[in-house]
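Only one structure is covered here, and it is reproduced in the block below.
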Amino acid sequence: MAAVRTTGEVLRHRLAVVSLVVILFVMLAPILWITATAFKPRNLATTVPPTVFFTPEVSPFVKLMVKRSQLREKPTEEQLAAAPWWERLVLEGGEKVVRSGKGAVQPSGYPSRFLNSLIVATVSTVLAVSMGTITAYGFSRFKVKGEDDWLFFILSTRMLPPVVVAIPMFLMYRAVGLNDTHLGLIILYTAFNLSFSVWLMKGFIDEIPKEYEDAALVDGYTRMQAFFKIVLPEAATGIAATAVFCFITAWNEYAFALIMTNKRAQTAPPFIPSQIGSGLPDWTVIAAGTVLFLLPVAIFTFLLRNHLLRGMSFGAIRK
Amino acid sequence: MSPSSQAAGPALRSRGMSDLAIRNLFIIPTIVFLIVFNIFPLIYSLGYSFTDFRASTNEPARFVGLQNYRDLLSDPFIWRNFTITAKYVLVSVTGQVIVGFGIALLLNREIPFKGLLTTLLLLPMMLSMAVVGLFWKLLYDPSFGIINYALGLGTFEWLANPDVALYAIALVDIWMWSPFVMLLSLAGLSAVPKHLYEAAAIDRASGLYTFFRITLPLVAPILLIAIIFRTMEAFKTFDLAYILASQPTTEVISIRLYKMAFQEWQTGLSCAFAYIVLIMVLAITNIYVKYLNKVKER
């Protein structure tokens with residue numbers, strides 16, 4: 001914008017800045033609130049009126065990780081003294097840590113779901129990005145008959161509502177025993193992200209001048225060598241951005257995971273809301289699980305900030 | 001192509017793989033993969049859509065012809081699901097455009113920490129919709145929820161009230177996806193040539209006139225991309241509505257489909273329903289992609 005001049009403009013500029021600060025606060029308030037809840041003692045999580053100021057504690061995160069059961073009576077002094085610090089936090093909350101016969105601490109359902117999310121998202125990202133990159137190169141550098149139709153076909157596979165695709169996939173997976181397996185979910189997420197990865201990578205590869213490879217070919221490189229030694233390093237930023245987008249999509253996905261998994265391969269998004277089901281939910285523990293789950297995405301958003309526009313518009317807008 | 005590279009052509013082909021082989025090696029696996037895991041299942045379900053198959057029993061599927069399609073298209077309840085979805089799309093996309101474009105207009109100036117501010121504002125759209133739905137349940141709670149407290153609404157029911165629930169879900173969608181419209185609008189706004197504004201200032205054009213005659217027409221194409229994209233996503237919506245509420249008034253198409261297929265186990269019928277939805281989505285996608293390509297070419 002042109003330099004600020006008149007008093008009217010100065011005023012309007014200040015007003016805009018103030019409104020932006022207010023908007024930022026309102027937009028972030030839900031995230032701040034759930035984060036605050038994750039550090040609250042249980043009795044302050046659902047008070048009327050809501051508690052804004054409190055001494056933060058980590059007990060929700062400890063409770064999130066271990067299997068617990070309700071204590072019938074208050075823990076004795078000896079019990080508290082004998083317990084390590086994290087177990088004391090659970091005892092003080094009126095619950096005890098469930099141990100196996102040999103005394104090993106039993107984990108809650110959360111760590112395995114988190115791990116499942118990590119495995120499924122990582123493997124499907126690697127597959128989708130590597131296949132997507134070479135396919136994008138193929139479309140970018142070679143003549144393909146009906147190229148636009150193929151690219152439309154690739155994109156349209158992503159546009160369907162997940163439930164529409166999930167019905168036949170569920171039946172097919174049931175027939176071959178892929179329901180509730182990591183492999184089944186990985187295949188689904190790879191297929192889902194592949195179309196995105198082809199479209200985005202094609203944009204990035206189109207931007208790499210063809211002359212680089214032509215020069216390499218003249219220098220005696222084979223086409224394959226030129227691809228691996230010239231094109232891939234040039235496309236590194238694009239590949240990284242595409243990978244992060246694919247990871248976030250797979251990490252956040254809910255509908256397929258809800259339908260295709262129930263325990264063994266269940267990921268975090270269907271698991272976290274399912275904790276609400278019975279009785280009075282402990283919102284501090286749910287909040288802790290939520291915060292831990294959202295944290296990687298928040299970090300990735302900052303890493304991706306310069307590519308968000310491009311990724312969110314399927315590579316249509318490049319700035 | 002320069003003469004030297006043309007001369008090198010035949011020699012290159014004798015070394016390593018030919019371009020044709022590489023092209024096929026790079027493209028065909030992806031196409032095959034997508035056909036096997038995206039198209040084949042749809043063909044599979046097309047077959048089931050003409051049967052009365054129920055996946056919960058072991059009884060073999062019986063061919064019923066077009067009966068499923070006839071039943072669905074004449075079922076008033078299904079049309080109610082479409083009406084609910086249309087209402088949801090309209091409310092949430094309109095809200096996102098107003099809020100998102102509004103914030104973009106405010107952001108389109110020189111301010112300190114603009115990059116950080118923009119990134120922070122974009123955070124909601126990157127989060128998992130299922131988990132977002134879950135924590136908005138906490139915010140919406142009639143007794144201890146922060147929203148009722150902040151707005152002084154007492155114990156107002158958001159999600160248990162059949163008249164309000166759909167709008168409450170749309171509000172979460174607006175919160176989540178306004179940043180998307182903002183992001184695209186910002187790109188459009190920053191591309192408006194500065195000299196147009198300077199010329200308008202010299203002509204003493206009013207702020208309103210500048211907005212409607214310069215800003216809006218130039219941002220319109222990119223804003224339209226945002227609208228089409230959000231319309232498609234809102235049409236498909238499942239996660240938020242499924243987690244937040246279970247009112248008959250919040251039963252959007254995807255939820256109806258999910259219940260039909262995985263709770264009532266009317267597999268054949270749900271396959272037919274899925275096909276009706278699929279044809280609608282493909283029609284919207286076609287328009288969208290044509291428009292994308294048009295904008296790209298400019």
Side-chain angles (χ1 to χ4, degrees), chain A residues 1-2 16-17 19-20 23-24 27 30 33-34 46-50 131 134-135 137-138 142 152 154-157 159-161 163-164 167-169 171-172 187 191 194 214 217-218 222-224 248 252 254-255 259 269 272-273 283 290 293-294 297-298 301-302 305 308-309 312 316-317 319, chain B residues 4-5 8 12 15-17 19 22-23 26-27 30 34 37-38 41 44-45 55 103 106 109-111 117 119-123 126-131 134-135 138-139 143-144 146 149 180 183 187 198 236 238-239 243 254 257-258 261-262 270-271 274 277-278 281-282 285 289 292 295-296:
Chain A
M1 279 254 145
V17 173
S19 341
L20 278 172
I23 289 168
L24 180 70
M27 289 295 280
W33 188 252
I34 194 75
T46 52
T47 52
V48 185
M131 284 174 80
I134 60 170
T135 306
Y137 180 80
F142 304 118
F152 172 69
I154 288 173
L155 183 65
S156 64
T157 58
M159 295 303 167
L160 298 172
V163 184
V164 169
I167 297 170
M169 283 310 274
L171 298 174
M172 287 170 70
I187 291 173
L194 188 51
D214 288 342
L217 291 176
V218 172
T222 64
R223 177 64 84 167
M224 274 296 199
I248 291 177
N252 287 345
Y254 174 70
I259 294 166
I272 296 174
W283 271 104
T290 300
F293 180 74
L294 297 182
V297 173
T301 303
F302 275 89
R305 59 188 181 277
L308 283 174
L309 179 64
M312 297 307 285
I317 305 161
K319 212 174 202 173
Chain B
S4 67
S5 68
L12 284 175
R15 284 200 319 266
M17 292 167 79
D19 280 4
I22 290 176
R23 184 194 82 181
F26 278 12
I27 293 178
T30 294
L34 287 175
F37 290 104
N38 274 312
Y44 193 78
S45 73
I103 300 178
L106 287 174
R109 64 192 70 233
E110 274 161 39
I111 46 169
L117 192 67
T119 311
L120 283 173
L121 282 170
L122 291 173
L123 204 51
M126 306 303 286
L127 306 178
S128 162
M129 294 191 90
V131 174
L134 176 72
F135 71 70
L138 174 69
L139 306 177
S143 53
F144 54 77
I146 184 99
Y149 179 72
F180 175 79
L183 179 68
E198 283 153 18
K236 285 157 49 176
F238 175 76
D239 308 10
I243 291 205
S254 285
L257 188 55
Y258 172 78
F262 298 104
S270 66
C271 285
V277 177
L278 185 138
V281 172
L282 280 186
T285 311
V289 172
L292 267 190
V295 171
K296 250 177 166 175

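What you are looking at is a predicted structure, and each value in this text was computed from that prediction instead of being measured. Order of the sequence lines fixes the chain letters, A, B, ..., with proteins taken first and strands second; residue numbering starts at 1 for each chain. Computation of the quantities below employed the complete heavy-atom set of this structure, encompassing side-chain atoms and omitting hydrogens, waters and symmetry-equivalent molecules.
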For the atom pair [atom1] ([X]) and [atom2] ([Y]), what is the distance rounded to the nearest 0.5 Å?
| X | Y | atom1 | atom2 | answer |
| --- | --- | --- | --- | --- |
| B:R23 | A:T135 | CZ | OG1 | 12.5 Å |
| A:I34 | B:I146 | CD1 | CD1 | 11.5 Å |
| A:M172 | B:S45 | CE | OG | 10.0 Å |
| A:L194 | B:L34 | CG | CG | 4.5 Å |
| B:L134 | A:I272 | CG | CD1 | 7.5 Å |
| B:L123 | A:R305 | CG | CZ | 13.0 Å |

Dump the intermediate steps for side-chain contact (heavy atoms from CB on, under 4.5 Å) on A:N252 and B:M129, then the final yes or no. CA-CA 7 Å; A:N252 287 345; B:M129 294 191 90; over 6 Å; no

Check the pair A:Y254 / B:V131 against side-chain contact (heavy atoms from CB on, under 4.5 Å), numbers first and verdict last. CA-CA 9 Å; A:Y254 174 70; B:V131 174; over 6 Å; no

Heavy-atom distance under 4.5 Å to chain B: side chain of A:T47, backbone, both or neither?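 When you check distances to chain B, only backbone atoms of A:T47 fall under 4.5 Å.
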
Measure distances from A:L155 to the heavy atoms of chain B and classify the residue's part below 4.5 Å as side chain, backbone, both or neither.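 Contact with chain B involves the side chain of A:L155 alone.
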
Quick check: closest heavy atoms across [X] and [Y], and the distance to 0.1 Å?
| X | Y | answer |
| --- | --- | --- |
| B:T119 | A:T301 | CG2-O, 4.1 Å |
| B:P41 | A:P168 | O-CB, 3.1 Å |
| B:L106 | A:S19 | CD1-CB, 4.0 Å |
| B:I27 | A:G138 | CD1-C, 3.7 Å |
| B:A187 | A:L309 | CB-CD2, 3.5 Å |
| B:S128 | A:L294 | N-CD2, 4.3 Å |

Looking at [options], which one has more heavy-atom pairs under 4.5 Å with chain A than the rest?
| options | result |
| --- | --- |
| B:L127, B:L139, B:L121 | B:L127 |
| B:L138, B:I103, B:L282, B:N38 | B:L138 |
| B:S254, B:A261, B:A55 | B:A55 |

Minimum side-chain heavy-atom gap [X]-[Y] below 4.5 Å:
| X | Y | value |
| --- | --- | --- |
| B:F180 | A:M312 | yes |
| A:M224 | B:M17 | yes |
| A:I167 | B:Y258 | no |
| A:I248 | B:M126 | yes |
| A:P161 | B:F238 | no |
| A:V48 | B:F144 | yes |
| A:V163 | B:V277 | no |
| B:F135 | A:P30 | yes |

Answer yes or no: does atom OH of B:Y149 have more than 12 heavy-atom neighbours from other residues, nucleotides or ligands under 6.0 Å?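 No.
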
With a 4.5 Å cut-off on heavy-atom pairs, point out which of A:A16, A:P269, A:P50 contacts chain B the most.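 Top option by heavy-atom pairs under 4.5 Å: A:P50.
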
In terms of heavy-atom pairs under 4.5 Å, which option from A:I154, A:L24, A:T290, A:L308 contacts chain B the most?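 Option with the greatest count: A:L24.
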
Quick one: do A:V164 and B:V281 satisfy side-chain contact (heavy atoms from CB on, under 4.5 Å)? Show the steps, please. CA-CA 11 Å; A:V164 169; B:V281 172; over 6 Å; no

